[in-house]
Amino acid sequence: MEKPDLTNPKNFHSPINVSGMDLDLLIKFYESMSMIRKAEDLLAVKRRDGFIGGPVHLGAGQEAIPVGVSPSLNSSDFVFGAHRSHGHLLALGSSLHKLFAEVLGKETGHSKGMGGSMHLWDEPSGFYGSVPIMAGTVPLAVGAAISAKLRKSSSIAVAYLGDGAVEEGIVIESMNLAKIQKAPILFIVENNLFASHMHISLRQPSSYISRFADASLVPSHILDGNDVVEVFKTARNSINDIRSGQGPQLIECLTYRFYGHVDWREDVDVGVNRSMEDINDWRSRDPIKRLTESLLEINETIEDKLNDLNDELNLNVQSAWELALEDPFPAKDKLLEGVYA
Ligand SMILES: Cc1ncc(C[n+]2csc(CCOP(=O)(O)OP(=O)(O)O)c2C)c(N)n1
Ligand SMILES: [Mg+2]
């Protein structure tokens, strides 16, 4: 069957289909996506204004993916991210204050202020790390999955990776090992069509990358990554299968990041095949906007509730930032603590 071209920003439906979904869960999706968006929009401004010393890789526009996946996970699962992982972490319910503190290099941060935006770790939430080395966490996630299986636990692993990361050979090896070991792992590819500044059409013979899973006979699904309900339903089914011992699966989510590769800029001047027109088209496919339209369609009186929620989130994000700003930096003698040599 011919697939709809999900790489075309104009190819989508709004409002999204929410029939049969619980209203409270939809509001939770709205709240979680909005919180992540507000946190990242604030980070963009603070980085631009010189408050943050290191780079921040922002995933604004991609929130529906971790927000759709996370409700089917629990804190004994093993979730791995990469360099663009604020959303992966926050969607698990992790502390916003600790994320801000880490980005600011404060000792109260997730990695005691030693890692910044790309080195996040929060074991209580089930988040076992993000690193800047493309695909570096993918074999670690397979290892965590094999370990869970050997221990006969019901935990699974999740590896979030980008379309660019799939171009690393280790991903092919990881999928193969996962399949042959029937490892309980879900690979989630966030195909935002770019690796750094280069469009996928300049790197690959097809814009869909789940075909890489075919080589290892890993079942795969391709979906609109800006439709939180579609992500939720597909991830829930895959996770149920994986927990019941059926081996790995891969979900490819087509999406787009509103910011450029790093920090607050849009990168239309350095991005190869990236234009303001595309960004605006993708903004009309915004996952938060589409869910909002659905919510208003099923319940007109919900607008007030959403407004109140937005006010509350603005306050929470602002106060988490202010708290982190006031936190201390680590003492100088702590600099080499935790360095493995
Ligand atoms: C092994 C390695 N090679 C190159 C880089 C430089 N680099 C950082 S991010 C990136 C592209 C990542 O693209 P993708 O996986 O699609 O993630 P996205 O940034 O789109 O979220 C590259 C090439 C790196 N960090 N690690
Ligand atoms: Mg990408």
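All values reported here derive from a predicted model rather than from experimental measurement. Atoms considered below: every heavy atom in the structure, side chains included; atoms not considered: hydrogens, waters and symmetry mates. Note that ligands are numbered from 1 as they come in the structure, with each ligand's atoms numbered from 1 the same way.
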Q: State the atoms of ligand 1, each with its element, that fall below the 4.0 Å cut-off from a heavy-atom position in Pro132.
A: 24 (C), 25 (N), 26 (N)
Q: Listing residue and atom name, which protein N/O/S atoms are closer to the Mg ion (ligand 2) than 2.8 Å?
A: Asp163 OD1, Asn192 OD1, Phe194 O
Q: Tell me: protein heavy atom nearest atom 11 (C) of ligand 1, and distance?
A: Ser196 N, 3.3 Å
Q: Which of the listed options, His261, Arg84, His57, holds the heavy atom that is closest to atom 21 (O) of ligand 1?
A: Arg84
Q: What pairs with Glu63 under salt bridge (charged side-chain N to carboxylate O under 4.0 Å, His left out), at least two apart in sequence or on another chain?
A: Arg37
Q: Are the side chain of Asn310 and the backbone of Leu306 linked by a donor-acceptor contact shorter than 3.5 Å?
A: yes
Q: Which ligand 1 atoms are under 4.0 Å away from a heavy-atom of Asn192?
A: 18 (P), 20 (O), 21 (O)
Q: Considering heavy atoms of the protein only, find what lies nearest to atom 1 (C) of ligand 1 and give residue, atom and distance to 0.1 Å.
A: Glu168 OE2, 3.7 Å
Q: Heavy atom to atom 16 (O) of ligand 1, shortest distance: which of Gly59, Gly164, Gly136 holds it?
A: Gly164
Q: Check for a donor-acceptor pair, side chain of Arg257 on one end and backbone N or O of Leu58 on the other, with a separation under 3.5 Å.
A: no
Q: About how many Å separate CG of Leu161 and CD of Glu252, when rounded to the nearest 0.5 Å?
A: 10.0 Å
Q: Assign the ring pair Phe80 / Tyr128 to parallel, tilted or perpendicular, where the plane angle (0 to 90°) is split at 30° and 60°.
A: tilted
Q: Could you check atom 15 (O) of ligand 1 against the protein and tell me its nearest heavy-atom contact, residue, atom and distance included?
A: Ala165 N, 2.9 Å
Q: Within the distance-only criterion (no hydrogens, no angle test), does the side chain of Ser220 pair as donor or acceptor with the backbone N or O of Leu250 below 3.5 angstrom?
A: no
Q: Out of Met198, Met134, Met118, Glu167, whose heavy atom is nearest to atom 5 (C) of ligand 1?
A: Met134
Q: For atom 13 (O) of ligand 1, what's the nearest protein heavy atom and its distance?
A: Ala195 CA, 3.4 Å
Q: When you look at Asn192 and Thr255, which way does the side-chain hydrogen bond (donor to acceptor under 3.5 Å, both in side chains) test go after all the steps?
A: CA-CA 5 Å; Asn192 58 17; Thr255 187; over 6 Å; no
